[in-house]
Protein chains: 2
Amino acid sequence: MSDIDELLSIRAAELYYEENQTQDEIGVILRLTRWKVGRLLASAKANGFIRIEIVHPRARRLPIERRLRESTGLTDAIVVSSAGVSSDAELQSRTAQAAADYLTSLRPIPRTLGISWGRTLHDVSLHLKQGWAPGVNVVQINGGVSLNQRTGTAASTAVTIAHKADGSATLLPSPAIFERLETKQAMEADRTVAGVLALARNAQAYVFSAGQADANSALVDSGYLTVEQIDELVSRGAVGDVVGRYIDANGRIVDPELNERTVGIQIDQLRRAPLTIAVISGNNKHAIARAVVRNGLCTVLVTDEDTANALLQEKDTP
Amino acid sequence: MSDIDELLSIRAAELYYEENQTQDEIGVILRLTRWKVGRLLASAKANGFIRIEIVHPRARRLPIERRLRESTGLTDAIVVSSAGVSSDAELQSRTAQAAADYLTSLRPIPRTLGISWGRTLHDVSLHLKQGWAPGVNVVQINGGVSLNQRTGTAASTAVTIAHKADGSATLLPSPAIFERLETKQAMEADRTVAGVLALARNAQAYVFSAGQADANSALVDSGYLTVEQIDELVSRGAVGDVVGRYIDANGRIVDPELNERTVGIQIDQLRRAPLTIAVISGNNKHAIARAVVRNGLCTVLVTDEDTANALLQEKDTP
DNA sequence: CGCACCTCTGCTCAGATGAGCAACAATGCC
DNA sequence: GGCATTGTTGCTCATCTGAGCAGAGGTGCG
């Protein structure tokens with residue numbers, strides 16, 4: 001397009017979008033026919049001079065969602081807008097809200113819902129509305145009775161989600177990781193625990209988050225792992241954890257021995273499930289989000305705009 | 001508006017603006033009539049959830065221009081968008097471009113145009129196109145033969161503007177400020193200088209910028225004033241200079257003695273002129289811009305979005 | 001120079017949209 | 001409960017807008 005037309009398209013856009021003039025009126029002002037004005041406006045849009053942004057905590061980015069679905073094979077993608085967000089916490093809250101909305105609108109409503117625990121899932125539980133579903137059995141899919149003062153948040157997440165759905169919660173009364181394999185096997189042999197695990201394996205849908213492998217991991221906070229252990233895992237290629245299990249960029253278990261001592265459903269069970277909803281948000285979680293999505297660990301991803309864009313860019317340069 | 005309607009309006013906006021769906025189609029998706037969708041879209045706009053921005057160096061902000069005109073009594077206001085600007089220099093370049101555009105479109109074309117000098121005016125001269133006007137006599141309205149190495153930029157600004165208009169430049173061959181009043185008076189008595197000053201006083205239009213009163217002032221750079229003198233002026237209320245004369249927030253000359261030693265047209269002559277175009281841009285020039293506009297020193301203001309917003313906010317809380 | 005080719009322009013026409021209106025529902029006040 | 005007031009809904013109609021098309025004008029090639 002010629003230089004003069006570019007300037008005209010900007011003048012037309014000012015009058016159209018900022019002054020609410022009709023294309024006809026703009027034509028009179030700029031001494032153009034209304035068809036020319038329409039074409040200038042279209043070219044301004046095509047050239048990206050017009051930026052339209054929806055500024056709202058609940059706003060989603062549908063075009064990015066579609067591109068994500070197309071490029072990753074996800075059955076669904078929910079991407080919240082990060083327009084006007086000042087902190088990571090706000091972004092995560094928005095994402096949790098979107099996950100709650102997604103759960104609420106799920107059809108058919110799952111009878112049993114497997115969930116992991118963590119800050120994100122807890123946030124999701126808080127955003128769900130009372131009566132979001134008519135009775136759901138919520139099952140914990142990985143161990144989480146905390147070793148330290150944060151006892152109970154894992155349980156409270158499950159209980160809250162179930163309570164708000166007028167349903168029931170089935171807790172997995174076990175630590176996330178055992179120190180000795182024998183203890184873990186003994187625990188799993190227990191009739192109650194085995195029953196919960198069987199229920200977890202047969203859940204119709206799963207909701208889980210994922211943690212970046214660093215010193216702020218919930219597993220460190222909860223006392224299951226030390227910072228040194230995380231460093232060791234990272235040096236062996238770990239990018240983060242999913243339901244308590246550390247994976248590398250290719251979705252493989254980093255430390256099989258550690259994995260054996262971890263209580264809960266296996267990564268492969270997630271991979272085989274028909275409906276697995278990953279809720280991952282925050283600027284430090286791009287790597288683990290990528291690992292989860294690329295390796296088919298989820299069928300639905302709920303995330304923020306920045307993480308989604310990071311995923312898309314990686315797809316462009318494989 | 002109800003909470004649920006707000007959320008619906010966001011969903012509608014996503015489909016309308018990001019997915020290019022028609023209001024009818026959105027109605028089917030959200031189970032609403034197309035009229036309801038239209039109203040939701042309108043309310044989303046009214047609530048400011050839809051932000052439309054024109055991203056282009058030549059983009060202007062017409063609504064702000066109008067509010068400026070209305071609240072200040074300016075006959076015209078040109079406000080350039082600061083969307084996507086990274087540096088003050090870029091913003092000033094955009095503003096200079098807009099000033100050049102404004103000059104080019106001026107009707108009737110002024111036969112004599114009085115100009116000051118400085119970085120901004122020089123920038124304007126560079127952005128003017130060859131043949132921007134069919135013959136204009138450009139007159140310098142304040143002294144400016146520089147005392148140091150920057151000799152000639154003042155003259156070159158006037159010459160460039162005149163040359164590009166296929167017109168002539170009349171230079172004021174005098175320093176900006178004399179050290180002794182007697183020398184200044186003797187200079188003004190000179191027939192040539194007196195003639196230039198008379199021409200300057202009778203110009204049909206003026207274009208000038210203004211400087212913030214600080215150590216970076218062009219008058220300091222050029223060696224006319226010391227940093228200490230500026231500090232003294234500031235302590236007496238000076239906010240900046242217009243055509244080489246320092247004024248306070250109320251538009252009054254801060255130091256009458258210094259003013260007497262300054263060569264060029266008086267502030268009052270600007271105030272009485274029918275067409276005076278001030279070009280003021282940059283985040284550090286809000287105070288001087290305010291002084292110029294509030295005290296009627298210009299009839300047309302060319303500025304940037306941030307400065308314009310600062311002026312408008314001040315108006316709200318008088 | 002003539003011809004084919006391409007771009008741009010102004011048009012018709014159908015689809016999309018906003019203004020205004022009457023009916024209706026909800027609310028608050030007696 | 002009766003009634004006025006206010007806000008909401010679905011509509012008609014006029015206007016606005018985009019798609020598609022025919023012709024004008026401009027360009028390059030033989």
Side-chain angles (χ1 to χ4, degrees), chain A residues 1-56 58-63 65-67 101 105 129-131, chain B residues 1-56 58-63 65-67 81 101 105 129 131:
Chain A
M1 190 180 45
S2 85
D3 211 39
I4 183 75
D5 267 15
E6 181 171 320
L7 190 49
L8 274 177
S9 75
I10 295 302
R11 295 281 156 265
E14 289 162 0
L15 294 163
Y16 192 73
Y17 290 106
E18 301 197 327
E19 299 285 78
N20 299 313
Q21 306 249 26
T22 148
Q23 297 186 6
D24 230 350
E25 293 170 315
I26 296 169
V28 172
I29 293 170
L30 301 181
R31 294 156 206 281
L32 304 165
T33 61
R34 71 183 186 78
W35 296 282
K36 176 75 176 174
V37 173
R39 282 174 188 131
L40 286 173
L41 252 21
S43 79
K45 256 191 189 167
N47 287 357
F49 298 151
I50 315 295
R51 175 182 301 161
I52 300 184
E53 212 174 32
I54 303 173
V55 189
H56 194 282
R58 305 286 280 267
R60 283 165 50 185
R61 303 299 321 275
L62 305 186
E65 294 181 359
R66 187 176 16 174
R67 281 195 285 150
D101 290 346
S105 65
K129 282 204 319 203
Q130 187 62 45
Chain B
M1 191 180 47
S2 85
D3 211 39
I4 183 75
D5 267 16
E6 180 170 319
L7 190 50
L8 274 176
S9 75
I10 295 303
R11 295 282 157 263
E14 288 161 1
L15 294 164
Y16 192 73
Y17 292 106
E18 301 197 326
E19 298 286 77
N20 298 314
Q21 307 249 25
T22 126
Q23 297 186 6
D24 230 350
E25 293 170 314
I26 296 169
V28 172
I29 293 170
L30 301 181
R31 292 155 208 279
L32 303 165
T33 61
R34 70 183 186 78
W35 296 282
K36 176 76 177 173
V37 174
R39 284 187 246 261
L40 285 173
L41 253 19
S43 80
K45 256 190 189 167
N47 288 356
F49 298 151
I50 315 295
R51 176 183 300 160
I52 301 183
E53 214 174 30
I54 303 173
V55 189
H56 194 280
R58 304 286 279 269
R60 283 165 50 185
R61 302 301 319 274
L62 303 187
E65 293 182 359
R66 185 170 21 165
R67 282 196 285 149
S81 161
D101 289 346
S105 65
K129 282 205 319 206

Sorted by chain and residue number, the salt bridge (Lys or Arg N to Asp or Glu O under 4.0 Å) partners of Arg67(A) (sequence neighbours excluded) come out as none
For Leu32(B) and Leu40(B), what are the C-alpha separation, side-chain angles and deciding distance, and is it a side-chain contact (heavy atoms from CB on, under 4.5 Å)? CA-CA 10 Å; Leu32(B) 303 165; Leu40(B) 285 173; 3.6 Å; yes
(message) In the structure I gave you, are the side-chain heavy atoms of Val37(A) and Leu15(A) within less than 4.5 Å of one another anywhere?
(response) no
Side chains of Arg58(B) and Asp101(B): does their closest heavy-atom pair fall under 4.5 Å? yes
Residues passing the side-chain hydrogen bond (donor to acceptor under 3.5 Å, both in side chains) test with Glu18(B), sequence neighbours excluded, are Arg61(A)
Note: contacts of residues 10-22 of chain B with DNA chain D (heavy atom, under 4.0 Å) are none
Rounded to whole Å, CD of Gln23(A) lies from C1' of dA19(D) at a distance of 13 Å
Can you find a pair of side-chain heavy atoms, one from Tyr16(B) and one from Gln21(B), that are under 4.5 Å apart? no
Between protein and nucleotides 12-15 of chain D, what N or O pairs are separated by less than 3.5 Å?
unit_1  : atom_1 : unit_2   : atom_2 : d
dT12(D) : O4     : Trp35(B) : NE1    : 3.3

On a heavy-atom basis, the closest approach of Ile54(B) and Ser81(B) is O-OG, 4.0 Å
Can Arg66(B) and Glu19(A) be counted as an ion pair, charged N to O under 4.0 angstrom?
-> yes
5'-most contact on DNA chain D (nearest-nucleotide basis), Asp24(A) vs Arg39(B), goes to Arg39(B)
Applied to residues 24-52 of chain A, the salt bridge (charged side-chain N to carboxylate O under 4.0 Å, His left out) test, sequence neighbours excluded, yields Asp5(A)-Lys36(A), Arg51(A)-Glu53(B)
Between CG of Leu8(B) and P of dT8(D) the distance, given in whole Å, is 14 Å
So the contacted stretch of DNA chain C, first to last nucleotide with an atom under 4.0 Å from a non-hydrogen atom of chain B, runs from dA16(C) to dG18(C)
Check: Do Phe49(B) and Glu6(B) touch side chain to side chain, with heavy atoms closer than 4.5 Å?
Finding: yes
